[in-house]
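Input: a single structure, listed below in structure tokens.
What's counted below: heavy atoms across the whole structure, side chains too, no hydrogens, waters or symmetry copies. Index from 1, following the sequence. Since we're looking at a predicted model, the values are computed, not measured.
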Amino acid sequence: MRVWRVTTEKRLLQRWPLRTLSLLLASPLALILLIHPSMIVDPEAGYSHSLLMLVMLGISSGFIHGVGFDPRGLVWRILFHPVGGWVLMGLGYAVLYKVQMG
């Protein structure tokens, strides 16, 4: 029964709508961090390096999943799992929202 659930989850994550979602979530955050990084810094010019590293891990996970790459190693599959990436990218959008709204 457990093998069936894992293969069903894997097949679900390999479908193009979820891969497109990963790319659509990762692209704006990556562009903001590359082109206009001051948008993610609060008015006192402070930011959390550890928080931004987690957001960048989420962006990396989104791009890896979005382009169709599936890591083979167990550690890499866990580190770059799309669901974890979505959560970390959501954290990035929350930080961006908090900074922009004051």
Side-chain angles (χ1 to χ4, degrees):
M1 189 66 141
R2 177 135 172 90
V3 173
W4 177 80
R5 190 172 77 204
V6 170
T7 56
T8 303
E9 176 191 353
K10 188 174 180 181
R11 271 189 266 154
L12 178 66
L13 289 174
Q14 289 177 348
R15 294 196 176 157
W16 69 268
L18 291 180
R19 291 197 187 269
T20 304
L21 174 68
S22 291
L23 276 177
L24 289 175
L25 287 173
S27 297
L29 277 175
L31 287 173
I32 287 170
L33 286 174
L34 288 172
I35 295 172
H36 196 48
S38 63
M39 283 184 69
I40 208 145
V41 177
D42 63 6
E44 291 83 30
Y47 60 95
S48 171
H49 285 288
S50 56
L51 187 63
L52 283 178
M53 285 178 54
L54 288 174
V55 171
M56 289 192 300
L57 177 65
I59 292 169
S60 300
S61 176
F63 280 125
I64 288 171
H65 181 249
V67 299
F69 182 75
D70 291 320
R72 289 188 183 170
L74 179 63
V75 174
W76 299 117
R77 278 186 292 176
I78 293 170
L79 188 63
F80 294 114
H81 196 276
V83 175
W86 295 332
V87 169
L88 292 175
M89 286 185 283
L91 177 68
Y93 282 110
V95 167
L96 183 64
Y97 179 78
K98 180 183 173 195
V99 168
Q100 294 301 312
M101 292 301 157

Does some side-chain heavy atom of [Y] sit less than 4.5 Å from a side-chain heavy atom of [X]?
X	Y	result
Trp86	Leu18	yes
Met39	Leu96	yes
Arg19	Gln14	yes

Minimal non-hydrogen separation, [X] against [Y], with atom names:
X	Y	value
Leu88	Leu57	CD1-CD2, 3.9 Å
Pro28	Leu23	CD-O, 4.5 Å
Ser22	Gly62	CB-O, 3.4 Å
Arg77	Arg72	NE-O, 3.4 Å
Leu25	Tyr93	O-OH, 2.9 Å
Leu91	Val55	C-CG2, 4.4 Å

Roughly how far, to the nearest 0.5 Å, is CG of Leu51 from CE of Met56? 10.5 Å

Mind checking whether Leu24 and Leu29 sit in one hydrophobic cluster, side chains of I, L, V, M, F, W, Y counted as touching below 4.5 Å? no

If you group Ile, Leu, Val, Met, Phe, Trp and Tyr by side-chain heavy-atom gaps below 4.5 Å, do Leu21 and Val87 land in one group? no

